Amino acid sequence: MNGRLKNKVALVTGGASGFGRQSALRLAEEGALVCVADLNEAGGEETAAMLGPRGFFRRHDVTQEDDWIATIKAVLDRFSKLDVLVNSAGVAAAADNIEDADDAVWDLVMDVNLTGTYLGCRHAIAPMRRAGGGSIINLASVLALKGEGGALAYCASKGGVRLLTKSVAVHCGNQRNNIRCNAICPGYMLTGMLREFLDNLNDREGEHARIAAMHALGRLGDADDIAQMVLYLASDESKFVTGAEMVVDGGFTAG
Amino acid sequence: MGRCDGKVALVTGGASGIGAACARMLAQQGARVIIADRDEAGGRKVAGEIGDAAGFVALDVASQASWDAAVAATLEAFGGWNVLINCAGILRYGSIESETMDDWRQIMEINVKGTWRGCKLAVTHMKAGGGSIVNLSSIAGIEAGADLCAYSTSKGAVRLLTKSVALYCAEHGWQVRCNSVHPGIIETPMLHSYFAEREDPQGEREAWDQVMPLGIRGEPEDIGHMVVYLASDESRLVTGAEMVVDGGAMAR
C-alpha cells in the first residue's frame, strides 16, 4: 500500500473482532507493527495470524491496570516503542434504560468503555513521550452525541470517553509532548456487537431496518469505514489534529 | 494506486493557501483537478506545477455566470465531475459595532452564497453518478469570535448548509456526500494579510497562537490530508459531518 504508517508501533484493544481487528489489519497494511489485545483469545490469535510477523496477540482485560502495565511492557520488549494506541475494546447492553437499569450492567459498561479507555490513555503517555510523541485514538460513538433511551450506560460511558479524550488532548498539548488524542464517533455498525444484539431479537429484520433508517444514508457501515479514520488519526497526516471527535456515521448526527 | 484515482475535482480558491495544497495533494493521489480562482496568475502557476492532471479556470464565486462557466470547463477538460472543494473565502476583522453593511454583504456573498452556488451545481451534476462535496468552514463556525462577527456567522452558515445538503442527497438515495472541514489557525496568505492589517500584528499573532493547545502552527497540508480523505471513497460512510483540524483549539 502507501506506507502511511511506516515505522509506527501500534497497540489495538478489542483487536479480536470488529473495528479493532479491521484497524489492526489496515495499520499493518500501511507499515505498522501491531499488538492485538483482547479478552477473546481465539479471535485475537486469529487476527495476529492474519498479521503474520507484523503482529502478536496479548490476552488483555482493559479494566485491569496490571494488564495494561504488562501489555505495554510486552509491546516495548517486542517492538521497542509505542506510537499509537487504539482503544477499541467496548461492550454494549440492550434494553438498558434509566428505570430498568441494573447496577451490575452499569458497572460493567462503565468499567470496560470508560475506565478501560482511561487506563489506556494513562499508561500510553510515558512510552509515547519517550518515543517523541504519539497518537491515542478512542472509540466513542454517535451515542456520545445523541441520547438513546435503551442505551443508558452505553451513552454515559461514550459521552465520558468523548470528554476524557479532550482533557487528555489539552493536557498533552500543554505538556508539549507531541502526543495527540482524538475520538471517533461511529454510527451503528454491522460488527459482531450489533449482530449479536440483533440475533437475540424476535424481529431481527425489522430492528435492522429501523436502525438503518436512523442514518441518513439508509445503511449501516462496516468495520473498514472506521479503520480508514483510525488510519488517518494514527498517521502523521493528522499531526495538527487533537481533541477532535471524528464522526463516521452515515449522517446519523447531521439532522 | 492513488487514493483518489478516477476523481475529477474542482477546487475553488485553488490559487493559494489551503486550496492550492488541496489541489496538489488530490492530484498526488490520482485525481484530475481544476483550479478555480479569481487570481489567474497564481492559479495558472499551481496548475502548471501539477502538470497534465490539472487545469485552471477563472472563477468569481459571487457570480453565477462564472460558476456555470467553471463547471462547463471542468466537464470539457476531464469529461466528468465528482468532487467539489469549496475553499474560496475571505476573512475580515469586524465586530457587530465596527463592521459595515458592505463588509457583511461581501463576506456573506463569498463565504456563504459562493459555497451555496457550488453545492447547488454539484448536486445537480453529481446526483446521477455520485460525488463528494467538501466545504471549508472554520472553528469560527463552531465558536464565534467577538471581532469576527460576519466571518463567524458565515462559517456557521456553511456548517449547517453542509448538513442540509448532505441530508437532502441522502434522502433521495443519491451517492453525493457533503461534509465540512473546520480548520484552526492555518498559515495562509489570507491569515497573513489579516494580521498585517491589524494595529498590533505581533501581539495578535501571539494571542492567536495561544488558542491551540498543541503548540504548533497549522499548515495548508494539514487540511489537505483531511480533504483527501473526504474526497476519496475511504469516507463513503461520512456525510453531514464536521471535521475539526485545529491543533486542539475546540477541545477546551
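Note: hydrogens, waters and symmetry copies are ignored here, and every other heavy atom, side chains too, is used. In what follows, chains are A, B, ... by sequence order, proteins preceding strands, each numbered from 1. Computed from a prediction, not measured in an experiment: that's the story for all the values here.
Ring orientation note: the planes of W174(B) and Y168(B) are nearly perpendicular, at an angle over 60° on the 30°/60° scale.
A search for ring pair (Phe, Tyr, Trp, His ring centres under 6.0 Å) contacts involving H171(A) returns nothing, not counting sequence neighbours. The ring pair (Phe, Tyr, Trp, His ring centres under 6.0 Å) check on H182(B) picks up nothing, with sequence neighbours excluded. Residues passing the ring pair (Phe, Tyr, Trp, His ring centres under 6.0 Å) test with W208(B) are Y194(B), F195(B), sequence neighbours excluded.
Contact tally against chain A (heavy-atom pairs below 4.5 Å) for D222(B), N179(B), V238(B): the top residue is D222(B). Per-residue counts of heavy-atom pairs under 4.5 Å with chain A were compared for M226(B), E242(B), E221(B), M212(B); the largest is that of M226(B). Of the listed residues I223(B), D246(B), T162(B), V244(B), the one with more heavy-atom pairs under 4.5 angstrom with chain A than any other is D246(B). Annotation: maximal heavy-atom pairing with chain B below 4.5 Å, among V241(A), V170(A), I226(A), N177(A), occurs at V170(A). Looking only at heavy-atom pairs under 4.5 Å with chain A, the residue among G248(B), G240(B), S232(B) that has the most is G248(B). Per-residue heavy-atom pair counts under 4.5 Å with chain A were compared for R177(B), E234(B), R217(B), K163(B), and the maximum is reached by E234(B). Taking A254(A), G243(A), G173(A) one by one and counting their heavy-atom pairs under 4.5 Å with chain B, the maximum is reached by A254(A).
Interface remark: I185(B) contributes backbone atoms only to the contact with chain A (heavy atom separation under 4.5 Å). In this structure, no portion of N178(A) lies under 4.5 Å from any heavy atom of chain B. Looking at L160(B), neither its backbone nor its side chain comes within 4.5 Å of chain A, counting heavy atoms on both sides.
The contact list for residues 16-24 of chain A toward chain B, using heavy atoms and a distance under 4.5 Å, is empty.
In this structure a side-chain-to-backbone donor-acceptor pair under 3.5 Å is present from R176(A) to P213(B). Although no hydrogens or angles enter the test, the distance criterion places no donor-acceptor pair under 3.5 Å between the side chain of S88(A) and the main chain of G14(A).
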Next on the checklist: Walk me through whether D209(B) and R205(B) qualify under salt bridge (Lys or Arg N to Asp or Glu O under 4.0 Å).
Outcome noted: CA-CA 6 Å; D209(B) 280 342; R205(B) 164 90 260 186; 3.0 Å; yes
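Shortest non-hydrogen contact noted between A231(B) and S132(B) is CA-OG, 3.9 Å. Between N86(B) and G118(B), the closest heavy-atom pair is OD1-CA, 4.2 Å.
In this model, a donor atom of one side chain and an acceptor atom of the other lie less than 3.5 Å apart for E206(B) and Q202(B).
Among D224(A), V34(A), V230(A), the single residue meeting the side chain to side chain contact (heavy atoms under 4.5 Å, CB included) criterion with R26(A) is D224(A).
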